[in-house]
Structure formats: C-alpha cells, structure tokens
Number of protein chains: 2
Amino acid sequence: MSAHAIEHDAVADPPASAEAPSAGPCAIPAGFDQNLGWLLAQCFRAYTYAVERAVADLPHGHRGFQALYGAANCSAHNQAELAKQLGVDRTVMVYLVDDLEKAGLAERLPDPNDRRSRLIRATPTGRERLADAQSAISAAETELLAALSDDEQKALRGMLCSIAAHQRTPVEAANPCAVVDEMKQASN
Amino acid sequence: MSAHAIEHDAVADPPASAEAPSAGPCAIPAGFDQNLGWLLAQCFRAYTYAVERAVADLPHGHRGFQALYGAANCSAHNQAELAKQLGVDRTVMVYLVDDLEKAGLAERLPDPNDRRSRLIRATPTGRERLADAQSAISAAETELLAALSDDEQKALRGMLCSIAAHQRTPVEAANPCAVVDEMKQASN
DNA sequence: TATTGTTATACTCTATAACTATA
DNA sequence: TATAGTTATAGAGTATAACAATA
C-alpha cells in the first residue's frame with residue numbers, strides 16, 4: 001500500500017456560520033484521541049475536504065494546486081524532483097504537468113544545464129490563479145483551525161515544519177532500500 | 001495559510017547551487033514551509049512510511065490496524081459507523097472486516113438491539129496482535145517526532161485532537177450533498 | 001421508506017515496464 | 001551505465017448500483 005492513497009480521503013465540513021467552537025459538532029470516537037495515526041489522518045482528511053472547493057477549478061484539484069505552488073516557488077529543478085517533493089510517482093507527474101500546461105497555468109522550460117530536464121514554472125496566469133486559490137484556501141484553513149488560538153496555530157505550523165524537515169527526502173522514502181543503505185552509512 | 005500570497009513579480013531564480021543543505025537529513029523545499037496542506041500531507045506520508053513495517057503483518061496494513069484499534073476500543077456500534085470513523089466507504093469495510101475475521105483478529109457479533117447491525121469486536125488474539133503493533137508503532141513514532149520535545153509532542157497531540165473534534169463527522173464528509181442539506185437545516 | 005450488510009461491477013488512480021534522449 | 005521524460009498497460013484501490021434482511 002502506498003502513502004499516496006491517503007490523498008483521496010475527504011472529511012468534515014466548514015461549520016455554517018454558526019458559532020460552534022465549544023459546542024463541538026463532533027466528538028472523537030473512543031480511544032482514537034490517543035492514536036496519532038488516526039489523528040493525523042483525520043486532520044488531513046478534514047483539510048482535504050475543507051480545501052476541496054477552493055481548488056476545484058484547478059486541474060487535479062489539491063494535487064494540481066501543490067504542483068502549481070511548487071512551480072511558482074521554484075521548489076524543484078525539474079519535473080522529477082517536483083514529483084518527489086509532492087510524493088507522487090514521476091509517471092503521474094507527467095499528466096499532472098500536462099494538464100497544468102494545457103490550462104495555461106504552467107510551462108515546461110528547457111534546462112540550460114541538462115537537456116534531459118525540464119524546468120516547471122508557473123505562467124503569469126498560473127500565478128494569478130494560484131493567488132486566488134490561496135485566498136480561498138486561507139479562508140478554509142481559518143475555519144479548519146478555528147479551535148486553536150493564533151499562538152497555537154503558529155506553534156502547530158512550526159512543529160509540522162520540524163517534523164517534515166527531520167524526515168528524509170521523499171526520494172528515499174519511496175525507495176526503502178536506499179534508506180537502509182544510507183542509515184548504514186550514517187552509522188559508520 | 002497566512003494571508004500573504006506568493007509575490008507575483010518577485011519570483012527568484014531557482015537556487016543555482018543544488019547542493020544539499022548541511023546537517024539536517026532533509027530540508028523543506030522552497031515555499032512549502034508556508035503551505036499547511038503540504039505540511040500535513042508530508043507529515044502524514046512520513047507517518048505512514050515510518051509505521052508501515054510495524055503493521056505489515058496485519059491484514060490491510062495501517063488501515064487494518066485502525067479498524068482493529070476501533071474494534072478493540074468499541075469505538076463504533078456497528079460496521080457502518082466504524083467505516084465512517086475511519087473515513088472509508090462501507091463497501092470497503094466489508095472485506096476489511098472479512099480479512100480481520102479470517103485472520104482471527106476480529107469478529108462480527110449480533111447486535112441485540114438491531115438485528116441488521118453487527119458489532120465489530122477484537123478477539124483476544126486480536127488484542128495481543130494489536131498490543132504488539134502498538135509497541136512497534138510507538139517506537140516508530142518516537143523517531144518520527146524526534147525533532148520535538150516531550151512538551152511539544154504533547155501539545156501537538158492536543159492540537160490535533162482539537163482540530164479533529166471541531167470537524168463534523170466523516171459521515172457527512174463522505175456525502176457532500178448531506179453536508180449541504182444539514183447546513184441549510186442548521187441555518188434555519 | 002430508510003438503514004445495515006453484502007455482492008458484483010465499473011471506475012479512478014497508481015505503479016510497472018518499455019522506450020527515447022540525453023548524461 | 002544511469003537519469004529525465006514519456007507512453008501504454010496492468011494492477012490496486014475505490015465507489016456505484018443492486019439486492020436481501022430488518023427497522
């Protein structure tokens with residue numbers, strides 16, 4: 001089973017303008033409050049569901065948004081590296097970028113240093129659409145995190161960053177043998 | 001995601017020197033540290049990967065573990081409710097429980113109050129296997145969260161609980177129309 | 001009429017293998 | 001020989017529709 005399947009799940013909903021932080025709409029099922037795996041999955045499902053509408057008009061929804069985000073931020077040097085950053089297979093990245101390109105949101109530029117590589121960049125149109133999506137996402141996130149104070153929200157983001165930064169790159173994660181080999185090396 | 005969107009004009013050149021950032025095993029790709037969706041997905045991917053081996057011998061891996069966990073904790077009154085708690089379709093839950101049952105880890109008991117329902121409970125063997133898996137998972141989680149202090153880890157779990165508890169039940173999430181209908185009702 | 005559990009089927013998404021071109 | 005990108009295809013995973021039993 002692949003870690004990618006998680007991205008399909010969706011959950012939860014933005015509370016309808018009613019004031020309901022304390023009158024919790026839903027309790028955590030017995031025992032699961034002690035289950036980090038469930039908590040992470042549940043929060044990610046809730047996130048996906050909350051953001052779904054904000055990115056509905058982008059090709060491939062939330063995943064397309066992340067690809068466009070990476071393109072706009074020049075997070076990767078080529079298509080393969082972007083795929084690794086997003087945790088998707090490189091064959092999946094092909095049609096993901098294809099569709100962003102068809103929509104005029106991203107483009108493949110030749111890499112002057114390596115004629116095999118393509119730099120994935122956002123077009124001006126893509127940046128506009130990205131900004132629009134980010135506004136909508138920001139609103140959805142506000143509701144998602146409504147139970148947390150501003151300080152808590154900041155702390156949460158910081159901790160997620162720490163966890164993510166502490167992990168090995170998705171490259172190796174996708175290739176368990178490489179991880180093991182590297183760990184052996186590191187222990188020497 | 002905070003209010004600041006990506007600067008449209010000031011997209012810098014891709015970092016020319018592609019050398020890996022020093023000590024840390026892995027750095028966060030440019031921009032993604034401000035992207036809550038990516039952070040959540042990345043952390044969940046890391047979790048899934050870290051825990052994968054700990055639950056490899058259970059039917060359906062991590063998902064099977066969660067189902068068994070719910071069964072052992074009597075989190076749900078029947079199969080359908082458990083499916084909702086785990087964010088899976090009820091047709092998926094059928095063979096999930098089927099395989100746990102075949103492995104002797106869980107069982108379907110008749111519900112005295114409703115002859116349509118089946119109570120999903122863990123067998124003694126299932127509880128043993130669950131305890132073993134939890135030990136292994138706990139070790140994996142220790143590594144996953146190694147970048148956080150004990151207090152931070154506690155705070156993180158608390159915040160994830162708050163977020164999860166603030167969302168509506170997965171029931172409605174699995175059926176967007178129902179959510180809309182309920183929101184309409186709620187607003188009346 | 002609605003809900004629980006089930007089965008069979010169709011669909012979506014993902015990964016594997018093979019290929020070209022570069023390095 | 002290894003890597004980037006692509007394509008086609010097989011596979012895994014998921015949801016839809018229909019059914020029987022029960023409420």
Side-chain angles (χ1 to χ4, degrees), chain A residues 1-11 41 45 48 59-64 67 71 76-102 106-120 170-176 178, chain B residues 14 18 41 45 48 52 59-64 66-67 71 76-102 106-120 169-178 181:
Chain A
M1 76 165 170
S2 112
H4 305 155
I6 61 173
E7 321 243 352
H8 296 275
D9 302 324
V11 160
R45 282 192 290 265
T48 301
H60 298 274
H62 183 253
R63 178 157 289 173
H77 295 79
N78 57 33
Q79 196 170 302
E81 189 181 5
L82 184 55
K84 291 165 190 167
Q85 292 174 352
L86 302 186
V88 305
D89 194 87
R90 72 182 202 275
T91 60
V92 172
M93 189 51 92
V94 173
Y95 58 77
L96 222 173
V97 176
D98 277 353
D99 294 343
L100 288 174
E101 208 169 28
K102 285 173 192 164
E107 53 189 352
R108 291 176 166 97
L109 301 178
D111 180 347
N113 298 106
D114 187 337
R115 280 195 291 177
R116 296 172 301 179
S117 288
R118 302 300 165 88
L119 305 172
I120 312 301
V171 197
E172 296 140 312
N175 186 351
Chain B
R45 280 192 290 266
T48 302
E52 211 167 52
H60 299 274
H62 183 252
R63 180 157 287 173
Q66 295 296 346
H77 294 78
N78 57 33
Q79 195 170 303
E81 190 181 4
L82 183 55
K84 292 165 190 168
Q85 292 174 353
L86 302 186
V88 305
D89 194 87
R90 74 181 200 274
T91 60
V92 172
M93 188 52 88
V94 173
Y95 58 77
L96 223 173
V97 176
D98 277 353
D99 294 343
L100 287 174
E101 209 169 27
K102 286 173 191 164
E107 53 188 351
R108 291 176 166 98
L109 301 178
D111 180 346
N113 298 108
D114 187 337
R115 280 194 291 178
R116 294 173 302 180
S117 289
R118 302 300 164 89
L119 303 173
I120 313 300
T169 69
V171 197
E172 297 138 311
N175 185 351
C177 297
D181 291 340

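The sequence lines fix the lettering, A, B, ..., with proteins before strands; numbering per chain opens at 1. In this text the structure is predicted, and so the values were computed from the model without any measurement.
Summarising the geometry, the separation between CD on A:Gln79 and C1' on D:dT7 is reported as 13 Å, rounded to the nearest angstrom. Here the C1' atom of nucleotide D:dA15 and the OH atom of B:Tyr95 are 10 Å apart, to the nearest Å. Rounded to an integer number of Å, the gap from CD1 of B:Ile120 to P of C:dT4 is 13 Å. Taking atom CZ on B:Arg116 and atom P on C:dT1, their separation rounds to 16 Å, with Å as the unit. One interatomic measurement links the two molecules: CZ of A:Arg63 to C1' of C:dC13, which rounds to 9 Å at whole-angstrom precision. The distance from atom CG of B:Asp99 to atom P of C:dT7 is 12 Å, rounded to the nearest whole Å. Across the protein-nucleic acid pair, B:Arg115 atom CZ and C:dT4 atom P stand 16 Å apart, rounded to whole Å. Remark: P of D:dG5 and NE2 of A:His77 are 12 Å apart, rounded to the nearest angstrom.
Within the nucleic acid shown, A:Asp114 comes within 4.0 Å of sugar-phosphate atoms alone, with no base atom in reach, counting heavy atoms only. Across all strands, A:Thr91 comes closer than 4.0 Å to base atoms (heavy-atom distances). Residue B:Asp89 is in base contact, counting any heavy-atom pair closer than 4.0 Å across all strands shown.
Applying the 6.0 Å contact sphere to NE2 of A:His60 captures more than 12 heavy atoms from other residues, nucleotides or ligands.
An OP1 or OP2 oxygen of C:dT4 is reached within less than 4.0 angstrom by no side-chain nitrogen or oxygen of B:Arg108. Regarding contacts with the backbone of C:dT16, every side-chain N or O of A:Arg90 stays at 4.0 angstrom or more from both OP1 and OP2.
Note that CG of B:Asp111 is 8.5 Å distant from NE2 of B:His77, once rounded to the nearest 0.5 Å.
For the pair B:Arg108/B:Ile120, a side-chain contact is recorded, criterion being any heavy-atom separation below 4.5 Å from C-beta on. Between A:Met93 and A:Leu82 the shortest side-chain heavy-atom distance falls below 4.5 Å.
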